[in-house]
Amino acid sequence: MTRARPARGGAVTLALPWPVWVPAIVGFGLIAVPVAGLVVRTDWPDFGALITTDAALDALLLSLQTGLISTALCLLLGTPLALVLARSNLPGLPVLRSIVLLPLVLPPVVGGLTLLFLLGRTGPIGQLANDWFGITIPFSTPAVIIAQTFVAMPFLVVSLEGALRTAGERYEIVAATLGASPLTALRRVTIPVVLPGLISGSVLAFARALGEFGATIAFAGNLQGTTQTLPLLIYIQSQNDLDGAVAMSLVLVVVAVLVIVATRTRDASGVR
Amino acid sequence: MTRARPARGGAVTLALPWPVWVPAIVGFGLIAVPVAGLVVRTDWPDFGALITTDAALDALLLSLQTGLISTALCLLLGTPLALVLARSNLPGLPVLRSIVLLPLVLPPVVGGLTLLFLLGRTGPIGQLANDWFGITIPFSTPAVIIAQTFVAMPFLVVSLEGALRTAGERYEIVAATLGASPLTALRRVTIPVVLPGLISGSVLAFARALGEFGATIAFAGNLQGTTQTLPLLIYIQSQNDLDGAVAMSLVLVVVAVLVIVATRTRDASGVR
Amino acid sequence: MTTRRGGFTLDVSFEVAPGEVVAVLGPNGSGKSTLLGTLAGLYTPEDARITLGGRVLTDTAAGVGVPAHQRRVGLLSQQALLFPHLTARDNVAFGPRCAGRSRRESLAAARERLVDVGVGDLADRRPAALSGGQAQRVAIARALAVEPELLLLDEPFAALDVDAAPAVRSVLRRLVRDTGQTTLLVTHDVVDAVVLADRLVVLTEGGVVEQGPTAEVLARPRSAFAARIAGLDLVAGTASDAGLTTPDGTTVFGLASEQVAPGEPAVAVFPPSAVAVHRKPPEGSPRNVLPARLAALEPQGEVVRLRAAAAPGGPPWVDGLAADVTPAALAELGAEPGDDLWFAVKATEVAVHPRRR
Amino acid sequence: MTTRRGGFTLDVSFEVAPGEVVAVLGPNGSGKSTLLGTLAGLYTPEDARITLGGRVLTDTAAGVGVPAHQRRVGLLSQQALLFPHLTARDNVAFGPRCAGRSRRESLAAARERLVDVGVGDLADRRPAALSGGQAQRVAIARALAVEPELLLLDEPFAALDVDAAPAVRSVLRRLVRDTGQTTLLVTHDVVDAVVLADRLVVLTEGGVVEQGPTAEVLARPRSAFAARIAGLDLVAGTASDAGLTTPDGTTVFGLASEQVAPGEPAVAVFPPSAVAVHRKPPEGSPRNVLPARLAALEPQGEVVRLRAAAAPGGPPWVDGLAADVTPAALAELGAEPGDDLWFAVKATEVAVHPRRR
Amino acid sequence: GGSSGGEQQAPPTRTLTVSAAASLTDVYNQLKPQFEQANPGTTVRFNFGGSDTLAQQVVQGVPADVLATASTRTMQTAQQAGRIQGEPVTYATNKLQIAVQPGNPKGVVDLTSLVGPQVTESICAPAVPCGAATEAAERAAGVTLDPVSEEQDVRSVLQRVTTRNVDAGLVYLTDVKASNGQVQGVDFPQASAQGAGQNYLIGAVTGSQNADLANGWIQFVTGPQGDAALQQAGFALK
Ligand SMILES: Nc1ncnc2c1ncn2[C@@H]1O[C@H](COP(=O)(O)OP(=O)(O)OP(=O)(O)O)[C@@H](O)[C@H]1O
Ligand SMILES: Nc1ncnc2c1ncn2[C@@H]1O[C@H](COP(=O)(O)OP(=O)(O)OP(=O)(O)O)[C@@H](O)[C@H]1O
Ligand SMILES: [Mg+2]
Ligand SMILES: [Mg+2]
């Protein structure tokens with residue numbers, strides 16, 4: 001006889017149907033086993049030395065900085081965009097929605113090239129920036145952030161939109177009848193209610209930004225300390241030193257797990 | 001004075017707060033303008049010829065096939081995984097969750113290499129497959145599908161998990177009191193209720209699979225008709241002929257938009 | 001105003017004076033919630049003109065539709081829908097905060113309202129940790145805390161236990177009396193209407209079948225629905241220690257149903273079924289024995305309703321009172337219109353409710 | 001069983017016989033919903049043993065906890081919670097489908113239940129297109145369609161209009177009578193308990209303060225809460241055309257509150273406040289004039305309750321009946337224990353309800 | 001895969017799989033029809049990619065018959081894993097040039113002209129073959145360049161110049177040629193220094209099912225027809 005498992009507050013957690021477990025385990029394995037392979041392949045004796053080179057430390061720091069800034073930008077720009085997609089009734093919404101998804105479909109290198117065409121020294125916007133402010137966007141840290149934001153934003157937008165639709169707008173309606181302006185309702189009701197979706201979305205965006213390679217190298221270039229994020233270093237390294245690349249991939253993986261577990265632990269203690 | 005906009009069923013759509021629109025437009029622009037740049041740069045006179053080469057047509061077909069199969073696999077394996085993450089109370093859930101996210105963080109080429117280490121003929125699993133069934137996994141279409149599924153699944157899992165958490169389990173509890181087994185409740189209640197999240201997730205996974213490059217080229221190789229998907233062809237093309245690469249990127253973009261609009265239109269007519 | 005929802009059409013027109021309380025009654029699905037939703041700006045009517053204190057809220061002809069949050073119309077909907085992420089106190093403080101009051105002020109107001117509805121000790125709980133009736137009380141507190149120009153309450157007393165319902169009703173009455181809060185109240189309980197409302201609107205199938213001052217509609221219901229819920233005897237006057245004093249000085253003995261101070265306007269209410277009819281003044285426990293001249297006999301299903309006119313020399317307010325008796329009792333009594341009879345009502349059957357104006 | 005929810009602890013113990021209907025009464029937050037949820041398997045009790053027809057559902061000592069869907073315990077919760085993506089009919093057909101009945105059979109059963117609760121014409125609607133009362137009725141139909149071994153109903157009649165509540169109550173009574181459905185019913189309305197329940201359980205602050213056969217608890221409530229909601233006069237017998245015939249052959253005149261066939265077991269119910277007390281048998285409309293010997297005087301707040309014993313030669317069932325009068329009336333009557341009096345009750349004040357067994 | 005579907009009728013159908021460096025795309029595609037004509041019933045399919053990835057794939061036992069890399073080191077990787085049959089052949093070389101905007105507006109003459117902020121340049125990362133070559137040239141010239149970016153491959157360097165995001169870049173002669181005049185090449189003396197060149201190697205993969213065909217392709221590429229195509233693309237023959 002199946003046993004109901006007790007959970008906090010005395011509420012029973014419903015049992016998951018057993019046919020769910022088999023594919024769940026297969027799916028998990030599909031992801032976890034190759035990653036475990038990475039761990040196995042790592043050259044542990046030299047691990048410390050491999051990951052504490054100047055270049056590796058620079059890249060790690062830059063990756064964390066740009067990843068967090070990009071995630072913040074995604075939140076800042078992507079949350080409103082998700083709201084528009086989920087809650088407005090603009091004409092042509094399905095088309096807008098699929099345009100937002102394009103950075104996902106574009107091979108990242110092509111994405112980087114499109115950014116370069118636009119913001120490069122001879123691009124329509126890049127030229128203005130260059131002529132007026134003397135700024136060259138490519139080859140700079142801001143370029144890394146732009147590239148990461150470009151590729152990561154759709155993740156936030158799409159998963160937040162899904163959560164907004166699932167949540168519905170009944171609480172927002174209640175807020176309106178209590179006199180809350182749309183902005184207040186957004187801040188004090190909508191956002192807290194869809195917090196799980198917002199967190200999922202941010203985690204996705206952060207992970208994607210952290211792992212971003214193609215668009216960055218195509219648009220921002222690859223210079224230690226300025227634009228060389230960890231994935232770029234890993235890729236370049238993998239060309240002649242696979243052990244070093246594997247070791248650094250592991251660092252990337254560990255950093256990602258740490259940041260995500262930290263975020264999620266906060267979430268779990270919050271509101272359902 | 002702001003006007004309430006009428007919607008179907010006579011229910012008012014709540015106005016979005018105005019400060020939402022500015023970042024939404026900026027965010028949209030960040031994505032749309034570079035893509036529009038792609039359109040502008042395309043060599044329209046030769047467009048038809050560029051995209052109807054044998055290689056291009058093969059790649060397009062292969063991309064669509066593998067993309068759809070991978071998405072189906074993601075649904076099959078990722079939905080159960082999301083359920084486990086959202087609804088079970090396994091110990092160490094935050095860690096499992098972040099492991100699922102790793103393919104997002106790993107630079108795709110590294111991901112592809114880890115798959116190669118595992119499933120190549122000399123890899124632990126690849127060797128078994130080779131010795132027992134005479135199957136060589138790399139350089140085959142299934143390898144493309146494995147690579148795409150590996151990179152795309154986290155998208156489905158994470159956005160579905162967000163939706164599951166946002167929806168809560170009150171309807172599943174009702175179903176249980178009506179005598180529904182967990183599997184029936186899943187099929188007839190949970191899935192329909194989180195349908196928007198499931199669709200978002202599938203769209204994300206499909207888009208990611210369609211745009212997948214690094215893991216595929218590293219693991220599955222780049223063989224016309226067998227493993228050369230559109231992004232791989234674009235890469236090879238960009239070695240010599242940026243115009244051709246741009247044209248083909250545009251095809252990828254159009255295909256993605258068509259598939260997504262088609263899916264979403266069905267969604268919009270469905271349940272909220 | 002006309003509002004369509006799928007195949008259902010609501011088509012009503014009425015006015016509410018500032019400070020007035022109007023009760024909306026009607027069977028399930030008659031359009032009460034749709035009416036409230038339209039007033040609150042949640043449904044776009046097809047064709048409507050809604051004004052509130054000089055402001056046009058909706059005018060489909062002119063294309064005006066003020067959004068919900070700018071209407072200053074508060075709505076307590078049929079489902080409590082407390083914000084799940086906020087404590088009870090923060091839920092109640094939400095409205096005052098939106099109205100621009102300071103955090104401290106809002107929390108103080110919230111605490112006060114929660115105490116009013118009897119859940120002051122649950123202020124720090126999340127909605128998930130409240131029982132159904134507790135959640136409903138918090139929702140009422142939240143709606144009251146807004147103090148909007150027009151308050152819409154959709155079945156506020158459902159889910160409340162036998163003690164809570166009158167208590168919360170008293171709170172609402174006090175608020176309405178003290179602040180002149182204009183209110184539209186949907187209820188299935190006629191006592192709510194008697195205690196709180198100046199006027200009644202009865203809806204059936206999307207249309208108004210009856211409206212008018214509470215006492216009038218209840219005393220002489222013209223629609224089938226109103227007749228079923230109402231048909232009460234009401235006597236207006238001022239509260240006294242013994243019950244109620246009518247304008248002509250007579251005392252109607254009764255029990256105060258809720259707090260009412262002597263001298264306050266009040267109404268004595270009793271069901272016609274509680275009225276015993278006699279040929280001679282009866283001795284015994286019934287405290288109210290009133291001379292009445294039988295004006296009419298109205299068969300009402302299983303019972304016959306005897307309608308009184310004032311008897312010569314008797315209190316004038318007896319005019320219009322009804323007594324329900326079984327046909328057998330009537331046969332034994334042998335009463336005919338024009339006969340002088342005595343209506344006897346026990347004091348314990350007479351509920352004295354406070355009355356507005 | 002002991003269940004903890006946050007700071008609240010429910011600690012109760014009772015039995016329900018197969019085919020029995022037990023009403024659970026109690027103030028808001030007393031643990032009624034927690035009790036039902038624990039029985040349905042939604043909360044894990046700290047320490048409990050729950051058996052149903054020989055099956056052990058929960059036994060914390062033995063580590064047994066049958067999951068909710070295998071308990072064959074149906075629950076109608078306080079919120080309707082209709083599946084938003086299914087039509088009313090599919091919502092109701094959900095339970096039968098889960099029980100393994102065919103699609104056609106389930107839909108037919110669903111249609112029947114919807115007609116029973118009066119919303120047969122809304123079968124194709126989604127929940128979003130239903131009014132509050134309509135949704136509640138569909139939820140009731142959904143709970144009834146399951147035909148579980150134990151049916152738990154949490155305030156099923158809230159939100160129903162004045163016509164619907166008795167109608168749905170009749171449906172439930174029919175079901176309970178015809179199929180012997182074991183039921184636990186949470187309600188705030190004592191009439192539900194009278195009509196439907198064999199026994200009452202009164203909860204306060206997580207504990208049982210009173211339980212017993214309905215008539216007994218209502219006639220002699222020992223807890224403050226029960227006294228407030230109850231204190232009714234009940235007379236058992238069989239239904240007749242005039243009202244009710246007691247076992248000794250006396251007729252209690254009254255009006256049938258719902259369909260009850262002559263000869264069926266029934267109970268006549270009237271509030272003590274409706275009983276007029278006289279020294280001499282009064283003439284006039286009151287149909288029920290009963291000789292009674294005053295047994296005791298019980299002050300109850302603003303009124304005094306006169307408790308009767310059977311008068312020599314009078315009907316024996318008068319024993320225990322109560323009459324409430326104001327102190328002033330009592331003073332005028334000058335009655336003392338041992339006096340022989342007449343209790344008069346109008347037939348229109350007596351409700352005859354069908355009775356179980 | 002359906003690549004062999006069309007040739008089912010001609011019975012001795014064989015497919016030769018050639019893993020080749022992406023910079024060989026044009027040359028090899030040009031040679032393919034000629035080889036197929038010379039060997040009826042044979043289909044050549046290419047797996048173009050970065051030399052390092054190709055070598056890793058061969059090490060992991062992918063079903064390739066021929067490996068053609070653009071560096072000695074990557075070929076050695078495969079060789080050391082025992083995956084190359086016999087000794088690989090070095091059959092072509094390539095040399096560095098400074099790619100500048102057409103007309104050479106910044107007047108670049110050699111590596112020293114690139115030092116300093118007035119001329120921005122992009123080079124290959126030291127870890128990739130062209131970057132190693134660049135480092136060797138720098139050492140020989142005794143200068144240290146101050147690139148704005150170190151690219152993953154030489155095509156990326158070229159792209160920087162063609163899109164005018166930098167003034168100059170160190171690329172191979174073949175790349176300048178392939179740009180169809182979008183850039184201009186500037187020769188510099190240190191291009192022929194030790195290690196500054198690029199070697200193209202080819203070898204048959206151990207365990208190939210088509211060892212004869214693989215050797216046939218190697219001979220074809222290193223033979224006269226191959227030489228002609230390579231020279232036309234700007235490669236120097238070894
Ligand atoms: N989308 C819709 N399509 C068709 N009919 C609808 C739709 N939405 C609501 N209705 C109908 O509108 C009517 C009015 O609903 P409303 O909620 O206003 O009723 P109500 O008077 O508040 O009833 P209750 O007492 O049950 O709460 C109902 O009969 C309902 O079935
Ligand atoms: N998580 C929690 N923490 C603390 N107290 C809780 C929690 N959950 C429920 N309670 C308390 O448990 C008590 C019982 O709740 P329950 O829902 O069983 O009451 P009820 O008798 O059904 O009341 P109602 O008539 O209002 O529906 C309430 O007082 C409630 O405040
Ligand atoms: Mg309603
Ligand atoms: Mg409850």
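Because the structure is predicted, anything quoted here is derived from the model rather than measured. So that the names make sense, note that chain A is the first sequence line, chain B the second, and so on, each numbered from 1.
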* To do: Walk me through it: do C/L82 and C/L130 pass the test side-chain contact (heavy atoms from CB on, under 4.5 Å)?
  => CA-CA 10 Å; C/L82 297 178; C/L130 295 176; 4.1 Å; yes

* Heavy-atom distances under 4.5 Å only: say whether C/A328 touches chain D with side chain, backbone, both or neither. => both

* So, do D/L76 and D/Q136 sit near enough that their side-chain heavy atoms are less than 4.5 Å apart? -> yes

* **Top contributor to chain C interface from D/V345, D/L122, D/L255 [non-hydrogen pairs under 4.5 Å]** => D/L255

* Segment of D/A164 engaging chain C (4.5 angstrom heavy-atom cut-off) -> side chain

* To do: Can you tell which part of D/A80 gets under 4.5 Å to a heavy atom of chain C, answering side chain, backbone, both or neither?
  => neither

* Asked: Quick one: does D/L297's side chain get under 4.5 Å of D/L330's, heavy atoms only?
  -> yes

* **Heavy-atom pairs under 4.5 Å with chain C, option from D/T187, D/V303, D/L306, D/V275 with the top count** => D/V275

* To do: For C/D154, check salt bridge (charged side-chain N to carboxylate O under 4.0 Å, His left out) against everything at least two apart and list the hits.
  => none

* To do: Name the region of D/R279, side chain, backbone, both or neither, that has any atom closer than 4.5 Å to a heavy atom of chain C.
  => both

* **Minimum side-chain heavy-atom gap C/T204-C/P27 below 4.5 Å** => yes

* What part of D/K280 is in contact with chain C, defined as an atom under 4.5 angstrom from a non-hydrogen atom: side chain, backbone, both or neither? -> both

* Structure fact -> Note: vs chain C, highest number of non-hydrogen pairs under 4.5 angstrom among D/A158, D/A347, D/P286 is D/P286

* To do: Can you sort out the partners of C/E205 under salt bridge (charged side-chain N to carboxylate O under 4.0 Å, His left out), two or more places apart, ordered by chain and number?
  => none

* Please determine, among D/S273, D/G133, D/P271, the option with the most heavy-atom pairs under 4.5 Å with chain C. => D/S273

